[in-house]
Participant: 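Take a look at the following structure, please.
All chains are named by letter (A, B, ...) in the order of the sequence lines, taking the proteins before the strands, and each is independently numbered beginning at 1.
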Amino acid sequence: MSVPASPLHAPVLAWYDRCARDLPWRAPDRTPWGVLVSEAMLQQTPVARVLPVWREWAARWPTPAALAAEAPGEAVRAWGRLGYPRRALRLHAAAVAVVERHGGEVPAAYDDLRALPGVGAYTAAAVASFAFSGRHAVVDTNVRRVQARAVTGAEHPAPAQTAAELRVAEALVPDDAGQAARWAVAVMELGALVCTARAPRCADCPVRALCAWQLAGRPAYDGPPRRGQAYAGTDRQVRGLLLGVLREAEGPVPRAALDAVWPRDPLQRARALDGLVADGLVEPLEGGAYALPGAPRR
DNA sequence: AATTCGTGGTT
DNA sequence: TAACCAAGAAT
């Protein structure tokens, strides 16, 4: 029997039991691989856009071995418009690594997960917690925001994660591993549904009475300015346009078809294409055509 | 440690 | 409408 270490635990856990979304990667029949796929897709991409793609992947590649047997370009193609397509490449590489290093089973240990391509501190902790009920501090943008408000009393967390934040998160992890896993998913869900960045639904918050930000009178954010993400006209936009052509094409695409999507700046276009090739997202073929990456040669 | 890396919905 | 924001990772 574990004693709650924080008054936040009970209300947040009760709220989660009542209000949690019914997401397929939380279903009883989920697999660790399905959890890992969901976490990769959810890095910087909203749940609503991940759902249909995740279902497609779950049906097509139900195991790491199934994905590992495909050409990496198929993962990039099936990634669709989720954004940051390097994630698709890394997830494919992670599947290969799981087959080679772990006999095709997604590992449960944090360090083994963290060593997989595309798996950073957050994702390793999330998979270890959600798929294996491991005891870890799972700190994403939602958790950072909930902590900033409920614990620290600030409207927004600092632009980058601090050591102090991690200490707060670790101090909040319940002693019992099963409870820790429930807490991890619950506090994250609270940040996603109630303690949102722009217009928090404080009237629906289970810890409103305990929230340091509420008790301080909801002071406005006074930290360093948070930079936005420019997109129009950037290399990222050009890369997206180029890769979009290759994704939609059945086979190799002539150079001219790529040139057509960004005619106004050949220099930038070349830089973007070179970058895609350097990242392994695009393969130059003999004869001047381009394609999504095929099976690695050995 | 600061940048780079997509895409689209919301306000 | 332009800005903001979304379960980050790698370098």
Side-chain angles (χ1 to χ4, degrees), chain A residues 16 20-21 23-26 34-54 76 79-91 93-94 113-131 136-147 155-163 165-166 169 181 184-193 195-200 221 224-247 261 271-272 274-276 278-282:
Chain A
Y16 182 76
R21 289 169 292 182
L23 300 171
W25 46 86
R26 292 177 183 165
V35 172
L36 176 56
V37 171
S38 78
E39 290 303 334
M41 290 181 172
L42 288 163
Q43 291 167 1
Q44 302 286 280
T45 302
V47 167
R49 278 171 42 214
V50 165
L51 276 169
V53 182
W54 185 90
V76 174
W79 197 252
R81 306 185 64 79
L82 291 181
Y84 294 146
R86 290 191 292 194
R87 293 182 292 165
L89 219 47
R90 290 175 183 149
L91 188 49
L113 289 163
R114 179 66 183 79
L116 297 173
V119 177
Y122 161 75
T123 301
V127 174
S129 176
F130 302 159
H136 300 276
V138 183
V139 185
D140 76 327
T141 185
N142 292 303
V143 173
R144 296 186 61 221
R145 190 172 51 249
V146 172
Q147 285 188 181
E155 184 182 15
H156 296 292
Q161 191 180 127
T162 65
E165 278 178 82
L166 187 57
V185 70
V187 68
M188 192 178 306
E189 188 81 338
L190 185 67
L193 297 183
C195 195
T196 54
R198 209 117 38 126
Y221 178 74
R226 309 183 296 157
R227 301 188 320 283
Q229 327 164 21
Y231 182 63
T234 62
D235 286 6
R236 282 154 79 186
Q237 183 185 18
V238 182
R239 286 168 57 110
L241 290 169
L242 295 173
L243 199 61
V245 172
L246 293 164
R247 219 169 33 223
V261 299
R271 189 169 65 235
D274 287 349
L276 288 169
D279 289 346
L281 284 163
V282 172

Participant: Under a 3.5 Å distance rule, please check whether A/Arg247 uses its side chain to pair with a backbone N or O of A/Gly80 as donor and acceptor.
Facilitator: yes
Participant: Side-chain N or O of A/Arg247 versus OP1/OP2 of B/dT7: is the shortest distance under 4.0 Å?
Facilitator: yes
Participant: Considering only side-chain heavy atoms of A/Arg86, which listed nucleotide, C/dG8, B/dT4, C/dA7, is closest?
Facilitator: B/dT4
Participant: If I take atom CG in residue A/Leu23 and atom P in nucleotide C/dA7, what distance separates them, rounded to the nearest angstrom?
Facilitator: 12 Å
Participant: Less than 3.5 Å between a donor and an acceptor, one on the side chain of A/Thr45 and one on the base of B/dG6, is that the case here?
Facilitator: yes
Participant: Ignoring backbone atoms, test whether A/Tyr231 places a side-chain nitrogen or oxygen under 4.0 Å from the OP1 or OP2 oxygen of B/dT7.
Facilitator: yes
Participant: When you compare the side chain of A/Leu281 with that of A/Val76, does any pair of heavy atoms fall below 4.5 Å?
Facilitator: yes
Participant: For nucleotides B/dC5 and C/dA7, find the distance between their P atoms and express it as a whole number of Å.
Facilitator: 23 Å
Participant: Any chance you could lay out the side chain to side chain contact (heavy atoms under 4.5 Å, CB included) test for A/Leu246 and A/Val282, step after step, and finish with the verdict?
Facilitator: CA-CA 8 Å; A/Leu246 293 164; A/Val282 172; 3.5 Å; yes
Participant: Per the atom types in the model, does the base of C/dA9 pair as donor or acceptor with the side chain of A/Glu39 at under 3.5 Å?
Facilitator: no
Participant: If the cut-off is 4.0 Å, is A/Arg145 near the phosphate of C/dA6, judged by side-chain N/O to OP1 or OP2?
Facilitator: yes
Participant: Rounded to the nearest angstrom, tell me the gap between atom CG in A/Leu116 and atom P in C/dA9.
Facilitator: 12 Å
Participant: Does a nitrogen or oxygen in the side chain of A/Gln44 sit under 4.0 Å from OP1 or OP2 of C/dG8?
Facilitator: yes
Participant: Suppose you measure atom P in C/dT11 against the same atom in B/dG6; what distance do you get, rounded to whole Å?
Facilitator: 14 Å
Participant: Do the side-chain N or O atoms of A/Arg239 get closer than 4.0 angstrom to the phosphate oxygens (OP1, OP2) of B/dG6?
Facilitator: yes
Participant: Any donor-acceptor pair under 3.5 Å linking the side chain of A/Glu165 with the backbone of A/Arg144?
Facilitator: no
Participant: Would you say A/Leu51 and A/Pro24 make side-chain contact, with heavy atoms under 4.5 Å?
Facilitator: yes
Participant: So does A/Arg87 get a side-chain nitrogen or oxygen closer than 4.0 Å to the phosphate oxygens (OP1/OP2) of B/dT7?
Facilitator: no
Participant: With hydrogens left out and only the distance checked, is there a donor-acceptor pair under 3.5 Å joining A/Arg198's side chain and the base of C/dC4?
Facilitator: yes
Participant: Determine: side-chain N/O of A/Arg90 to OP1/OP2 of C/dA10, distance under 4.0 Å, yes or no.
Facilitator: no
Participant: Could one point to a donor on the side chain of A/Arg49 or the base of B/dT7 with an acceptor on the other under 3.5 Å away?
Facilitator: yes
